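The sequence lines fix the lettering, A, B, ..., with proteins before strands; numbering per chain opens at 1. Fair warning: this is a prediction, and the values are worked out from it, not measured in the lab.
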There are 2 protein chains.
Amino acid sequence: MNDNPHNPDVSSSESLVLAQPCPIRDVLDRIGDQWSLLVLLTLRPGTRRFNQLRREIDDISKQMLSRTLKQLEQDGLVSRTAYPEVPPRVEYQLTELGQSLLTPVAALVAWAEQHQPAVNAARERYKHTTAR
Amino acid sequence: MNDNPHNPDVSSSESLVLAQPCPIRDVLDRIGDQWSLLVLLTLRPGTRRFNQLRREIDDISKQMLSRTLKQLEQDGLVSRTAYPEVPPRVEYQLTELGQSLLTPVAALVAWAEQHQPAVNAARERYKHTTAR
DNA sequence: CCGAATCCATATGGATACTG
DNA sequence: CAGTATCCATATGGATTCGG
């Protein structure tokens, strides 16, 4: 069995920081999907309307943008304001929570940029060491 | 795929940090999937053997552990050492690159833990403000 | 203009059996 | 013990259509 020090042994044999029904997974699932992070970053400069977002992201379908925004809104990362006009106007912007998330995300993005060469090199190396 | 005809000038506006064929997406796809991050965190304390990882993660199948490790190895985040013994023994450990990734990841995990209540509250709020 | 509903293709994850 | 191969279920993403 596992004797992980920082893990209080539960009756079941679960051992890790990321147990299954896990808040951390919640977050990572959100930034890990295809569009959420992109939407958040697009909203960083300021408020955007629906089709404005669509144009800026450019290759996102209405459907996915709609779904993504709804999820982000549910999680309190983005706020939605609908103006009762004709034609309708809906504006989206980052909440403070959403903005605060962009800080650690930026660190990750920075890592990615900085270490991209290393990752690519590793991939090349892998291909060449092939006896597989 | 991209190259939309009615696309306004992307170049002059906020340059999208995440263009489509994107190194950042590469990384996020890796930590965004079901198991990679969990494996990396499990390896943080030190070297682990294959079935040792399986037991610690507990609910991962051999298949997914194998796939995940191979990907992490390809990307240079994890190193694999096979000992020519009978029965075979294979050890995995974080590379320096893998360890360096855990730093920004830790920031994200910290954010998740810290703001989980806020996210849950937002979800509750959403349920109540919704139609019905 | 905003976005929900429908329908569909593919990607991802898993159970199991098999191999060296 | 450490995987790989096969087969299958579901999740995710997208094109199109419809409606407020």
Query - Nucleotide C:dC1, atom C1' - distance to CZ of A:R48 in whole Å - result: 18 Å
Query raised in the report: Does B:Y92 put a side-chain nitrogen or oxygen below 4.0 Å from OP1 or OP2 of D:dG3?
Result: yes
Report summary line: In whole angstroms, the gap separating P of C:dG14 from CG of B:L38 amounts to 11 Å
Query raised in the report: Would you say C:dA4 has OP1 or OP2 under 4.0 Å from some side-chain N or O of A:S66?
Result: yes
Requested in this report: Not counting sequence neighbours, which residues clear salt bridge (Lys or Arg N to Asp or Glu O under 4.0 Å) with A:E124? List them please.
Outcome: A:K127
Query raised in the report: For B:W111, which residues count as a ring-ring contact (aromatic ring centres under 6.0 Å, His included) partner, sequence neighbours excluded?
Result: B:H115
Query raised in the report: With sequence neighbours left out, what residues match A:A107 under side chain to side chain contact (heavy atoms under 4.5 Å, CB included)?
Result: B:P104
Query raised in the report: Which whole-number value in Å describes the distance from B:I57 CD1 to C:dG14 C1'?
Result: 15 Å
Query - Interatomic distance, A:E91 CD vs C:dC1 P [rounded to whole Å] - result: 15 Å
Query raised in the report: Within this structure, what is the CZ-to-P distance between B:F50 and C:dG20, rounded to whole angstrom?
Result: 18 Å
Query raised in the report: Is the shortest side-chain N/O distance from B:R49 to OP1 or OP2 of D:dC1 below 4.0 Å?
Result: no
**Report entry** salt bridge (Lys or Arg N to Asp or Glu O under 4.0 Å) involving B:E91 - partner list, sequence neighbours excluded
**Finding:** B:R89
Query - Separation of D:dA2 C1' from B:L65 CG (nearest whole Å) - result: 10 Å
Query raised in the report: Excluding sequence neighbours, so at least two apart, what forms salt bridge (Lys or Arg N to Asp or Glu O under 4.0 Å) with B:R123?
Result: A:D26, A:D75
Query raised in the report: Are A:I31 and B:L108 side-chain neighbours, meaning at least one heavy-atom pair lies under 4.5 Å?
Result: yes
Query - Spacing between B:R54 atom CZ and C:dT16 atom P, to the nearest angstrom - result: 11 Å
Report summary line: Rounded to whole Å, CD of A:E85 lies from C1' of C:dC1 at a distance of 11 Å
Requested in this report: Indicate whether any N or O donor in one side chain lies under 3.5 Å from an N or O acceptor in the other, for A:R67 and A:Q71.
Outcome: no
Report task. Classify every nucleotide of nucleotides 13-20 of chain D by which part a protein heavy atom approaches to under 4.0 Å, writing B for the base, S for the sugar-phosphate alone and - for neither, in 5'-to-3' order. Result -> BBB----B
